[in-house]
Asker: 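Next up is a structure, given as structure tokens.
Just so it is clear: chains get the letters A, B, ... in the order the sequence lines come, proteins before strands, and each one is counted from 1.
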Amino acid sequence: MPELPEVESARRVLADGALHRRIADVDDHDDYVTRPLTPGALRSALIGRTFTAAHRRGKSMWLTVSGDRDDPTDPADPDASSGDPDLGIHLGMSGIVVVTGPSAPEVSGPDLVGGDYRRDREQFVDRGAYQRFAVTFADGGRMRLLDPRRLSRVRLDPDIQALGPDALGLTAKAFRTAMTAGRRVSTAPVKARLLDQSVLAGVGNLLADEALWRAKINPGRGVDTLSTAQLNRLGRAVQSALTDAIARGGVHTGDVIAARKSGARCPRCGGAMVSGVVGGRTTWWCSKEQR
DNA sequence: ACTCGTGTTAGCTG
DNA sequence: TCAGCTAACACGAG
């Protein structure tokens, strides 16, 4: 289930495999995943075009689409300058993307898979179960969105502006600004603020627990009760949690994630790990170090 | 059978 | 209007 690191892996898959291939067909039958669009809307918006770039902010991705169905180099084409749609893709809790190469055997390689795909690969990827959206390219290859729970979203022109700054690469000062800006009061628990995608984009439930544990801050502490030094420490902890997760292959590799279960001990001090609900999500923290 | 979930969001409350 | 919280969403896994 993807947070920023898994979504970045999915974006790379799209950037490496889905660009500059002419779109010949679109499967947009799943009107829950594409809501409020109805089947056929995405199909007619995409057929004949190409994806030109793959972007990400937080856990949201979008593909820019060539504005010209016939001659992408023609500056006189009225479609070329304005009104080009972006294809928004959000993997939700359980989505992955799979890109297959051209059908010609001499150029086809292994499928590119992005997202959290630690489940049974044969069942989930190779068999192509749970297909919720797909694009077939003119070369015979495909880009598919697979998602058993159907909590993924595919839309046109996603509102990226509604998201806060991408969590990856934020300086401690920019992190503090994001966490405290635009509010008269900040009584919410710090974990709830970390999870608010309009404040900071990309941190999910596991990364929030990991970063708060690294910074030795109790998840239930109100944002207003944290010192500047604590916020700086948390900002740096978010960065190290993110870069470690990307380097190690996913948020599930975090230092404290394996200790999110009853009876577990803190990997740093040996204190008892305890759990509760903070920000509406199951939360684990060290009873000794995170007071 | 029953509970839970690495995400988002409409709708409610004070 | 704002800030914060809860339930609901869909469906597989334990």
Asker: With a 4.5 Å cut-off on side-chain heavy-atom distances among I, L, V, M, F, W and Y, is there a chain of contacts connecting Val223(A) to Leu195(A)?
Answerer: no

Asker: Would you indicate which nucleotide in dG5(B), dC9(C), dG12(C) comes nearest to any side-chain atom of Tyr32(A)?
Answerer: dC9(C)

Asker: Which whole-number value in Å describes the distance from Leu151(A) CG to dG5(B) C1'?
Answerer: 10 Å

Asker: Is there a side-chain polar atom (N or O) of Arg193(A) under 4.0 Å from OP1 or OP2 of dG4(C)?
Answerer: yes

Asker: Can you list, pair by pair, the side-chain donor-acceptor contacts under 3.5 Å of residues 269-283 of chain A, counting residues two or more places apart and other chains?
Answerer:
| unit_1 | atom_1 | unit_2 | atom_2 | d |
| --- | --- | --- | --- | --- |
| Thr283(A) | OG1 | Lys191(A) | NZ | 2.8 |
| Thr283(A) | OG1 | Arg281(A) | O | 2.9 |

Asker: What I'd like to find out is whether the side chain of Leu194(A) reaches to under 4.5 Å of the side chain of Pro219(A), using heavy atoms alone.
Answerer: no

Asker: Say we look at dA10(C) and dG11(B): how far apart would their P atoms be, to the nearest angstrom?
Answerer: 15 Å

Asker: In the structure I gave you, are the side-chain heavy atoms of Lys59(A) and Leu91(A) within less than 4.5 Å of one another anywhere?
Answerer: no

Asker: With side chains defined as the heavy atoms from C-beta onward, is the minimum distance between Ile47(A) and Val26(A) less than 4.5 Å?
Answerer: yes

Asker: What's the closest nucleotide to the side chain of Asn205(A) if the choices are dG7(B), dC5(C), dA10(C)?
Answerer: dG7(B)

Asker: Using whole Å, report how far CG of Asp196(A) lies from P of dG4(C).
Answerer: 9 Å

Asker: Whole angstrom is fine here: how far is it from CZ in Arg57(A) over to P in dT8(B)?
Answerer: 14 Å

Asker: By nearest atom, which of the nucleotides dT8(B), dC5(C), dC11(C) is closest to the Arg132(A) side chain?
Answerer: dC11(C)

Asker: Nearest-Å distance, CD1 (Ile89(A)) to C1' (dG7(B))?
Answerer: 16 Å

Asker: Should Thr282(A) be listed as having a side-chain N or O under 4.0 Å from OP1 or OP2 of dG5(B)?
Answerer: yes

Asker: OP1 or OP2 of dC11(C) less than 4.0 angstrom from a side-chain nitrogen or oxygen of Ser94(A), does that happen here?
Answerer: no

Asker: Can you confirm whether the side chains of Asp31(A) and Thr38(A) place a donor and an acceptor under 3.5 Å from each other?
Answerer: no

Asker: In terms of ring plane angle, is the pair Trp62(A) and His55(A) parallel, tilted or perpendicular, where the classes change at 30° and 60°?
Answerer: parallel

Asker: Base, sugar-phosphate alone, or nothing: which one does Arg35(A) contact when heavy atoms must sit under 4.0 Å apart?
Answerer: nothing

Asker: Is the closest side-chain heavy-atom distance between Thr225(A) and Val190(A) below 4.5 Å?
Answerer: no

Asker: Does the base of dG5(B) carry an N or O that pairs as donor and acceptor with the side chain of Arg281(A) under 3.5 Å?
Answerer: no

Asker: To the nearest angstrom, how far is Leu195(A) atom CG from dC5(C) atom P?
Answerer: 11 Å

Asker: Please report the distance, rounded to the nearest Å, between CE in Met93(A) and C1' in dA8(C).
Answerer: 13 Å

Asker: As a check on the pairing definition, encode DNA chain B in dot-bracket form, counting Watson-Crick and G-U wobble pairs whose two distances are under 3.5 Å, and using | for partners outside this strand.
Answerer: .||||.||||||||

Asker: How is Ser152(A) classified with respect to the nucleic acid when contacts are heavy atoms under 4.0 Å: base, sugar-phosphate, or nothing?
Answerer: nothing

Asker: Does Gly92(A) reach a base, just sugar-phosphate, or nothing at all? Heavy atoms under 4.0 Å.
Answerer: sugar-phosphate

Asker: Rounded to the nearest Å, what distance is computed from the CZ atom of residue Arg150(A) to the C1' atom of nucleotide dG7(B)?
Answerer: 16 Å

Asker: His90(A) side chain N/O closer than 4.0 Å to the phosphate oxygens (OP1, OP2) of dG7(B)?
Answerer: no

Asker: Take the protein atom CD1 of Ile257(A) and the nucleotide atom C1' of dG5(B), then report the distance between them rounded to whole Å.
Answerer: 14 Å

